[in-house]
Amino acid sequence: MEKITKEVSIEKSNYKYLAERIKNIATFKKEIEKNLEEETSLLVEVILSGAIILNSSDIHIEPGEEKTKIRIRIDGILYDVIFINNKTYQSLLSRIKLLAGLKLNIQKKAQDGRFSIVAPEEKIEVRVASLPSEYGESIVARILRPKRLIKIEDLGIREDILNQFKQEIKKLNGMIIVTGPTGSGKTTTLYSILKRINQPEIKVITIEDPIEYHLPGISQSQVNPGKGYDFASGLRSIVRQDPDVVLVGEIRDEETVKIALQAALTGHLVLTTLHTNDAAGTITRLQSLGGKIMNIAPAINIAIAQRLVRTVCDQCVKFVEPNEEELTFIKKGLKKINKKISLPSLNKKIKIPKAQGCQACNFTGYKGRIGIFEFFIVDKGMEKFIATQPSSAEIYKKALEKGMTPMRQDGLIKVLQGKTTLAEIKRVTQ
């Protein structure tokens with residue numbers, strides 16, 4: 001029973017068979033259609049395998065009045081795959097709930113669970129969330145692939161800031177805060193830092209909600225509010241364990257803010273996330289949550305705001321000269337850029353990538369994603385300025401004066417480097 005409810009094994013021969021046939025959304029749909037009348041366990045295996053083969057991050061099963069829609073998210077964008085009848089949906093729902101350890105007899109309450117997929121050469125975690133909706137339970141299965149966790153060098157951080165960032169994560173105390181909306185890659189950035197600094201002589205403890213990736217050599221704990229173990233109480237217990245590095249999944253309340261700041265000021269390196277629109281807004285956000293400015297200023301080492309943009313497919317990308325409107329947009333966006341950053345002359349003819357579309361990229365023109373960043377570094381001068389309790393706008397202006405590159409500028413640099421398109425930067429940095 002433990003095996004049935006917690007793990008799915010995909011035979012190497014089955015996976016290879018599907019990998020040869022599933023090349024895009026259309027072929028994925030065909031394989032599902034072939035198996036609609038087969039056993040539910042086989043249908044689930046086909047859906048999971050296809051999502052993995054197409055490098056999806058999520059599977060969405062959304063019941064409607066007459067049909068149920070299955071969608072997958074690739075590179076941050078949702079795509080419709082297939083509509084199935086509601087009888088098949090009910091079988092699919094029961095099977096996934098059983099796998100994830102969710103209660104089958106509860107339909108009017110949100111539930112969370114998880115299970116593992118043992119695929120060829122890779123073990124994958126799947127996090128499942130069910131939510132009651134008008135016509136049944138909506139299911140979202142998030143696919144977490146530990147093997148896909150990347151190095152700091154692969155995040156997309158510019159060379160001129162990467163070395164400084166590497167120095168910041170070597171510090172013995174202080175806070176590194178990553179900000180951005182849901183799905184902006186905050187967890188990936190934090191885990192890349194953990195992978196970099198995780199050494200036998202360093203004790204690393206995390207408190208997360210939930211644990212997304214299991215990393216060897218690190219003590220990871222998950223919040224359980226029902227049993228009184230939340231971020232604040234968990235963090236209070238963690239600092240008594242004498243850790244060198246603490247990862248707090250998210251700062252949400254006053255008590256967590258105060259304990260995290262205190263830990264950063266007393267010899268711990270604290271890694272965490274926060275919801276703000278930009279990096280400079282971290283200061284006022286911490287204040288609004290109850291942090292004291294006298295503690296915030298000396299505690300923070302660096303705040304990072306980030307978003308994810310799709311990278312162009314290298315098999316079908318086309319490089320073209322920008323039209324007058326596009327060139328004006330680029331020039332205006334890069335007008336006050338830090339002079340230390342080397343760029344091609346915008347007065348000469350330049351070429352930028354345009355998305356085309358082919359079978360390799362599901363005819364989208366994009367394949368994979370990369371981060372665009374805003375690094376707000378708190379040095380001694382900035383620390384003194386923050387102590388005067390300036391507004392968020394004043395902090396942002398001061399950071400620009402000290403050489404901070406805004407996210408949109410970082411995105412435009414990546415356009416000129418041929419990594420992404422102008423359309424992507426406009427979409428993500430509205």
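Here the structure is a predicted model, which means the values were calculated and not measured.
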Visitor: Does Glu424 come within less than 4.0 Å of Arg427, counting only side-chain N to carboxylate O?
Guide: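 A salt bridge is present here (some side-chain N lies under 4.0 Å from a carboxylate O).
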Visitor: Does a sphere of radius 6.0 Å around NZ in Lys29 hold more than 12 heavy atoms from other residues, nucleotides or ligands, not counting ones at 6.0 Å or beyond?
Guide: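 No, the 6.0 Å shell around NZ holds no more than 12 heavy atoms from other groups.
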Visitor: Using atom types as modelled and distance alone, determine if a side-chain donor or acceptor of Asn198 lies under 3.5 Å from a backbone N or O of Pro216.
Guide: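 Answer holds: yes.
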Visitor: State whether the side chain of Ser91 and the backbone N or O of Thr40 hold a donor-acceptor pair below 3.5 Å, judged by distance alone.
Guide: no
Visitor: Please check if the side chain of Glu137 supplies one atom and the backbone of Pro63 the other of a donor-acceptor pair under 3.5 Å.
Guide: no
Visitor: Does a sphere of radius 6.0 Å around CD in Glu122 hold more than 12 heavy atoms from other residues, nucleotides or ligands, not counting ones at 6.0 Å or beyond?
Guide: yes
Visitor: We want to know whether Ser221 and Tyr229 form a side-chain donor-acceptor pair, criterion being a heavy-atom distance below 3.5 angstrom.
Guide: yes
Visitor: Side chains of Glu374 and Met407: closer than 4.5 Å at any heavy-atom pair?
Guide: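 Glu374 reaches Met407 side chain to side chain.
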Visitor: Report yes if the side chains of Ile193 and Phe165 come closer than 4.5 Å at any heavy-atom pair, otherwise no.
Guide: yes
Visitor: Is Arg114 close to Val128 at the side-chain level, that is, under 4.5 Å between some pair of heavy atoms?
Guide: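 No, too far: nothing below the 4.5 Å cut-off.
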Visitor: For Gln417, does the CD atom sit with more than 12 other heavy atoms under 6.0 Å from it, leaving out its own atoms?
Guide: yes
Visitor: Go through Leu78 and Ile72 one step at a time and tell me if the side chain to side chain contact (heavy atoms under 4.5 Å, CB included) criterion holds.
Guide: CA-CA 6 Å; Leu78 275 171; Ile72 59 174; over 6 Å; no
Visitor: Could you please spell out the steps behind the side chain to side chain contact (heavy atoms under 4.5 Å, CB included) verdict for Leu269 and Leu271?
Guide: CA-CA 7 Å; Leu269 181 63; Leu271 312 176; 4.2 Å; yes
Visitor: Could you give me the CA-CA distance, side-chain angles and deciding distance for Lys426 and Glu326, then say whether salt bridge (charged side-chain N to carboxylate O under 4.0 Å, His left out) is met?
Guide: CA-CA 11 Å; Lys426 288 180 179 179; Glu326 291 171 331; over 6 Å; no
Visitor: Do Leu48 and Phe115 touch side chain to side chain, with heavy atoms closer than 4.5 Å?
Guide: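 Yes, side chains in contact.
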Visitor: Measure across His268 and Val239 and return the closest heavy-atom pair with its distance rounded to 0.1 Å.
Guide: NE2-O, 4.3 Å
Visitor: Rounded to the nearest 0.5 Å, what's the gap from NZ on Lys123 to NE2 on His214? Could you check?
Guide: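 Reported to 0.5 Å precision, the distance equals 9.0 Å.
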Visitor: In sequence, state the C-alpha distance, the side-chain angles, and the governing distance for Ile84 and Leu92, and then conclude on side chain to side chain contact (heavy atoms under 4.5 Å, CB included).
Guide: CA-CA 10 Å; Ile84 59 175; Leu92 204 58; 4.0 Å; yes
Visitor: Cys361 and Cys316: which non-hydrogen atoms are nearest, and at how many Å?
Guide: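 That would be SG-SG, 3.8 Å.
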Visitor: Could you tell me whether Asp58 and Arg71 have a side-chain N and a carboxylate O separated by less than 4.0 Å?
Guide: no
Visitor: Do Val140 and Glu62 touch side chain to side chain, with heavy atoms closer than 4.5 Å?
Guide: no
Visitor: For Val46, does its backbone N or O pair with a side-chain atom of Ser49 as donor and acceptor, under 3.5 Å?
Guide: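 Answer holds: no.
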Visitor: For Tyr191 and Gln220, work out which heavy atoms get closest and say how close.
Guide: OH-NE2, 3.4 Å
Visitor: CG of Asp80: more than 12 outside heavy atoms within 6.0 angstrom?
Guide: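 Counting other residues, nucleotides and ligands, CG of Asp80 exceeds 12 neighbours.
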Visitor: Going by heavy atoms in the side chains, are Ile52 and Ile124 under 4.5 Å from each other?
Guide: yes
Visitor: Can you spot which of Glu37, Glu38, Glu31 makes a salt bridge (charged side-chain N to carboxylate O under 4.0 Å, His left out) with Lys34?
Guide: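 By the salt bridge (charged side-chain N to carboxylate O under 4.0 Å, His left out) criterion, Lys34 pairs with just one of Glu37, Glu38, Glu31: Glu31.
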Visitor: What are the two closest heavy atoms between Ile251 and Val257, and how far apart are they?
Guide: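 Taking every non-hydrogen atom into account, CG2-CG2, 3.2 Å.
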Visitor: Assess, by modelled atom type and distance only, whether the side chains of Ser116 and Glu125 contain a donor and an acceptor separated by less than 3.5 Å.
Guide: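 A donor-acceptor contact under 3.5 Å links the two side chains.
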Visitor: Are Glu208 and Thr206 close enough that a side-chain donor and a side-chain acceptor fall under 3.5 Å?
Guide: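 Indeed, the side chains of Glu208 and Thr206 share at least one donor-acceptor pair under 3.5 Å.
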Visitor: For Glu168 and Ile302, indicate whether the former's side chain and the latter's backbone hold a donor-acceptor pair under 3.5 Å.
Guide: no
Visitor: Between atom CD1 of Ile337 and atom CG of Leu334, what is the distance when rounded to the nearest 0.5 Å?
Guide: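 Nearest 0.5 Å value for the CD1-CG distance: 5.0 Å.
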Visitor: Quick one, Val126 with Leu144, criterion side chain to side chain contact (heavy atoms under 4.5 Å, CB included). Give me CA distance, side-chain angles, the key distance, then yes/no.
Guide: CA-CA 6 Å; Val126 180; Leu144 305 167; over 6 Å; no
Visitor: What closest approach, in Å, do Pro298 and Asn295 show between heavy atoms, and which atom pair accounts for it?
Guide: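 Where Pro298 meets Asn295 most closely, the heavy atoms are CD-O, 3.3 Å.
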Visitor: Could you check if a side-chain atom of His60 sits within less than 4.5 angstrom of a side-chain atom of Ile70, using non-hydrogen atoms only?
Guide: no
Visitor: side-chain hydrogen bond (donor to acceptor under 3.5 Å, both in side chains) with Tyr366: which of Thr311, Thr420, Thr421?
Guide: Thr421
Visitor: Could you tell me the separation between the CD1 atom of Ile32 and the CD1 atom of Ile22, rounded to the nearest 0.5 Å?
Guide: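 The distance works out to 7.5 Å.
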Visitor: A quick test of your reading: do over 12 heavy atoms of other residues, nucleotides or ligands sit less than 6.0 Å from CD of Glu325?
Guide: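 Result for CD/Glu325: open.
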Visitor: Return the CZ to CD1 distance between Arg310 and Ile370, rounded to the nearest 0.5 Å.
Guide: 14.5 Å
Visitor: Between Lys67 and Tyr89, is NZ or CZ placed under 6.0 angstrom from the six-membered ring centre and within 45° of the ring axis?
Guide: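 No, a cation-pi geometry is absent between Lys67 and Tyr89.
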Visitor: How long is the gap from NZ on Lys419 to CG on Asp314, to the nearest 0.5 Å?
Guide: 13.5 Å
Visitor: Is the backbone N or O of Gly403 less than 3.5 Å from a side-chain atom of Asn338, with the two atoms forming a donor-acceptor pair by type?
Guide: yes
Visitor: Please answer whether the main-chain N or O of Ile25 pairs with a side-chain N or O of Asn362 as donor and acceptor at a distance below 3.5 Å.
Guide: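 Flag set: sc Asn362 to bb Ile25 pair under 3.5 Å.
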Visitor: Taking atom types as modelled, is there a side-chain donor on Asp410 or Thr405 under 3.5 Å from an acceptor on the other?
Guide: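 Absent: no donor and acceptor within the cut-off.
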Visitor: Quick one: are Gln287 and Leu289 in side-chain contact, heavy atoms under 4.5 Å?
Guide: no
Visitor: Would you compute the distance between atom CD of Glu383 and atom CD1 of Ile300 and round it to the nearest 0.5 angstrom?
Guide: 10.0 Å
Visitor: Using a strict 4.0 Å threshold on nitrogen-to-oxygen distance, state whether Glu250 and Arg252 make a salt bridge.
Guide: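 Salt bridge between Glu250 and Arg252, a charged N being under 4.0 Å from a carboxylate O: yes.
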Visitor: Strictly distance-based, threshold 3.5 Å: is any side-chain N or O of His275 a donor or acceptor partner for the main-chain N or O of Gly180?
Guide: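 Yes, His275 side chain to Gly180 backbone: donor-acceptor pair under 3.5 Å.
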Visitor: For residues Ile218 and Val204, report the shortest heavy-atom separation together with the two atoms involved.
Guide: CG2-O, 3.7 Å
Visitor: Check whether any side-chain N or O of Lys97 sits under 3.5 Å from a backbone N or O of Ser130 as a donor-acceptor pair, and report yes or no.
Guide: no
Visitor: Do Arg285 side-chain atoms and Ala280 backbone N/O form a donor-acceptor pair below 3.5 Å?
Guide: no
